[in-house]
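Numbered from 1 within each chain, the chains take letters A, B, ... in sequence-line order.
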There are 4 protein chains.
Amino acid sequence: MSTTRGRIDKRQAILEGAFTVFAREGYAQACVQAIAREAGVAKPTVYNHMTDKATLFRHSLEAAARAVLDERIAALEPLADPGDDLRAALQQAAGRLLRLHTDGRSCALRRLLYSEVTHFPDILDIVKDSGPDRLTRALADRLARLTLAGRLRAGDPDLAAEQFLALLLGPLEARTQLGTRTLPEAELDAMAQAAVDAFARAWDVS
Amino acid sequence: MSTTRGRIDKRQAILEGAFTVFAREGYAQACVQAIAREAGVAKPTVYNHMTDKATLFRHSLEAAARAVLDERIAALEPLADPGDDLRAALQQAAGRLLRLHTDGRSCALRRLLYSEVTHFPDILDIVKDSGPDRLTRALADRLARLTLAGRLRAGDPDLAAEQFLALLLGPLEARTQLGTRTLPEAELDAMAQAAVDAFARAWDVS
Amino acid sequence: MSTTRGRIDKRQAILEGAFTVFAREGYAQACVQAIAREAGVAKPTVYNHMTDKATLFRHSLEAAARAVLDERIAALEPLADPGDDLRAALQQAAGRLLRLHTDGRSCALRRLLYSEVTHFPDILDIVKDSGPDRLTRALADRLARLTLAGRLRAGDPDLAAEQFLALLLGPLEARTQLGTRTLPEAELDAMAQAAVDAFARAWDVS
Amino acid sequence: MSTTRGRIDKRQAILEGAFTVFAREGYAQACVQAIAREAGVAKPTVYNHMTDKATLFRHSLEAAARAVLDERIAALEPLADPGDDLRAALQQAAGRLLRLHTDGRSCALRRLLYSEVTHFPDILDIVKDSGPDRLTRALADRLARLTLAGRLRAGDPDLAAEQFLALLLGPLEARTQLGTRTLPEAELDAMAQAAVDAFARAWDVS
DNA sequence: GATGAATGAGCGTTCATTCAT
DNA sequence: AATGAATGAACGCTCATTCAT
């Protein structure tokens, strides 16, 4: 059993090391040597677990994306049972999402997706299956229920979700300078508030 | 004079070829050989004009960014003199911006900025000087005038501009799959409409 | 163990191949490709053992210099116990030194030292630690003892050693045309004799 | 006429620039671009005057060698009419030769000859025609006359010249560290004295 | 005759990948 | 299963040399 554990641990270490190095250097610049060093194994060991540098890249992206998504979905929790003050719940979820979105790993993931999407068209599945799309769907689900409950103006909940996220995350790109700067907490809160305000006006949140 | 023209032409050809290849391959994968071939010159000729692969990258980005920005600023023209129907003017500008934003060169530029911003921190100047920031400022200028004219709810025009662009462009990322898919015209128009609607509600456009 | 041997052998082969090629082509003209071929390995293997072309150069020089010096010191042996006929012992040592000094490897080493001393100032250590300086000191030691034994005119043994070597080796440069020509045995013997004669006169050898 | 002058001047500038750069960098490392810059002309101008980098090298060596030799021959002047004190005359010539031999241009020339003699076998002619050999012959001429005048022990004047120069210049190599260090005046004088002393003993100078 | 511009060929170095152990 | 060692293939960059002006 310890063997199996060890093997799994090593695989995990390789995937994490790979993501770390890919995030730092980019796909092409990252060298397998460095990944192996980061993971604390020898270079051929990497090849024993993954056939290719490309495969290694795909698997490490997938693992990171899964982790990131889980956190984002969890951030929507306040909307499951918003209580009387819907705006407060939106505000809370918005704050959490903003923080997750400006997190280092999240930014690195986004950067990698953008830069390699043309060389690895299949990583689009990551975006669709476990990326922003699913977040939008999950949010749309919440908003649909709230619409039915009369707390939102009637309308397409997919559109509502899309606009909520756009208002919230759209300004991030410019403010964080493509994810290279971290924002002060106060600014993050102000951004969440502004997004929720606009959303509330546009969708008659009550 | 023809000499000078020839030199300028060659420099231009190199910059364009460089952008083409960088856009297709990314910085690290792009090989100078290929850039030279694309520009129709020999490899050392590239080095006669640019000292470095890195310098070549920076200059080609800058040229592309300038071209892209000029078009975007021009797209705001309808807002200069909106006439009676402000929503129509917004709609028109929105449609143009959306089309510019989904243009191949524009997407490639955004991809390159995202992927290399960590290796070339100075390309942030491009974003600030000639990128989205300046578009937001230009739009804010227009909206400020409109606010003074009483056509918009009183409020921070910078915020209004930010939110307009967020509502308009935010959904693009998911819908174009990080810029790899082109959208049908109808969908673009619908997106513009939805963004303008939401903006109008949130800012009492009249 | 065979592994270790193999690695050591390969390192040795690389150093020897490097000296051969450097000696033939000079530092700048020598290409690592050729060195690898000469050593019977692939080019990257060279870089697995030595970080640099420069490092490779230094190490190959050092190895060659050590080998050359060992032989030269050994050539002084006849002076350790010269017996009755000191001139004969000097003559014998002189002959040996002359032959070592006109040896191909020795000439190549001298050429390389001269040509690259300005680019690699640290190779002066080779000259001082294992080159002519140490030969002079070793010879001075012998002559000091002989002086004490009254077989030489009293005087500075360092100067005596310096002059002995100068008389012996000085004429070589011109006669071998900077080390490119080999001299007939008879001429070598005559040179040794002439040097010993002059030295004997100048220092009252008995 | 000014044209012709200008052309000659330019040729001269190129040759001098070439020697300067070759001396600094060595043949292979020296790039024609740098030589042109040093000479204050454009690169193709160099090729208008010399067909080749190799030809350029040969001609620049030749010019430098001629200049160096002229000075050395002139240094023997004191021996033309030594007066009563032959040792003083020898001493004077020795001092001058030593200074010329440790001069920067002289060292550079020697370095270049050593390093490129295998690639350019024909530069040996420089050594023979205008180099040390001719100095030895010129000195032998002087010593022959002195021998006839009974101021030296009877013997082969060629050998005497060879030994005088060997005693004088042989120690230089070690002391100047292959020509990279300059020696203090006092040390130069001491070396001249030591060489003359030894020569005087060996050849019964009176 | 002098020059700015262009190029073919080559070199040092790196790296993904594979063997032998 | 894990590793040290080796390699084939590229790539960035330089340079001697040549045209066209």
Side-chain angles (χ1 to χ4, degrees), chain A residues 3-4 6-7 10-11 14 28-36 40-57, chain B residues 1-4 6-7 9-11 14 28-36 39-56, chain C residues 1-4 6-7 10-11 14 28-36 39-56, chain D residues 3-4 6-7 10-11 14 28-36 40-56:
Chain A
T3 319
T4 308
R7 183 156 172 73
K10 216 151 248 187
R11 184 190 171 86
I14 289 172
Q29 290 285 34
C31 91
V32 178
Q33 181 74 251
I35 292 175
V41 300
K43 204 170 16 163
T45 305
V46 174
Y47 282 91
N48 282 345
H49 286 261
M50 303 282 171
T51 55
D52 252 337
K53 189 186 178 186
T55 319
L56 179 54
F57 181 62
Chain B
M1 198 186 92
S2 79
T3 316
T4 307
R7 183 157 171 76
D9 285 357
K10 216 148 248 184
R11 183 189 170 90
I14 289 172
Q29 289 285 32
C31 93
V32 178
Q33 180 74 248
I35 292 175
V41 300
K43 204 177 7 169
T45 304
V46 174
Y47 284 94
N48 278 348
H49 288 260
M50 304 286 175
T51 55
D52 250 338
K53 189 187 177 184
T55 314
L56 180 54
Chain C
M1 197 188 91
S2 79
T3 316
T4 307
R7 184 156 170 77
K10 216 147 249 184
R11 183 189 171 88
I14 289 172
Q29 290 284 31
C31 93
V32 178
Q33 181 73 250
I35 292 175
V41 300
K43 201 169 20 161
T45 304
V46 173
Y47 284 93
N48 279 347
H49 289 259
M50 302 286 176
T51 55
D52 252 337
K53 189 186 177 185
T55 314
L56 180 54
Chain D
T3 319
T4 308
R7 182 154 172 76
K10 217 151 248 187
R11 183 190 172 86
I14 290 173
Q29 291 285 34
C31 89
V32 178
Q33 181 73 251
I35 292 175
V41 300
K43 203 171 16 162
T45 305
V46 174
Y47 283 92
N48 282 345
H49 286 260
M50 303 282 171
T51 56
D52 251 338
K53 188 184 177 187
T55 319
L56 180 54

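The NZ atom of C:Lys43 sits 11.5 Å away from atom OG1 of C:Thr45, with the distance rounded to the nearest 0.5 Å. Taking NE2 of B:His49 as the reference point, atom CZ of B:Arg11 lies at 8.0 Å (rounded to 0.5 Å).
Mapped onto DNA chain F by nearest heavy atom, B:Asp52 and D:Val32 fall at different nucleotides, with B:Asp52 at the one closer to the 5' end. If C:Ala54 and B:Pro44 are placed on DNA chain E by their nearest nucleotide, the residue sitting closer to the 5' end is B:Pro44.
A donor-acceptor contact under 3.5 angstrom links the side-chain atoms of B:Asn48 to the base of E:dA6. In this model, no side-chain donor or acceptor of D:Lys43 finds a partner on the base of E:dT3 within 3.5 Å. Put simply, the side chain of A:Lys53 and the base of E:dT17 share no donor and acceptor less than 3.5 Å apart.
Rounded to an integer number of Å, the gap from CD of A:Gln29 to P of E:dT14 is 13 Å. In this structure, the CD atom of A:Gln33 is 11 Å from the C1' atom of E:dT14, given to the nearest Å. Atom CZ of B:Arg11 and atom P of E:dA5 are 12 Å apart (whole Å). If you take CE of D:Met50 and C1' of F:dT18, they are 19 Å apart, rounded to a whole angstrom. Distance A:Tyr47 OH to F:dA6 C1': 14 Å, rounded to the nearest Å. For the pair D:Leu56 CG and F:dC15 C1', the computed distance is 14 Å after rounding to whole Å. The distance from atom CD1 of D:Ile35 to atom P of F:dA16 is 8 Å, rounded to the nearest whole Å.
Base pairing analysis places E:dT7 opposite F:dA16; the two distances defining the Watson-Crick or G-U wobble pair are each below 3.5 Å. Nucleotide E:dA2: paired with F:dT21 (Watson-Crick or G-U wobble, both distances less than 3.5 Å).
Nucleic acid contact for A:Ala30: sugar-phosphate only, since backbone atoms but no base atoms lie under 4.0 Å from a heavy atom of the residue.
C:Ala28 and D:Ala28 get closest at one heavy-atom pair: CB-CB, 3.4 Å. A pairwise comparison of heavy atoms in C:Leu56 and C:Ile35 identifies CD2-CD1, 3.9 Å as the closest pair. A pairwise comparison of heavy atoms in D:Ala36 and D:Val46 identifies CB-CG2, 3.9 Å as the closest pair.
The side chain of A:His49 contributes no N or O atom lying less than 4.0 Å from OP1 or OP2 of F:dA1. Residue B:Lys10 places no side-chain N or O under 4.0 Å from the OP1 or OP2 atom of E:dA5.
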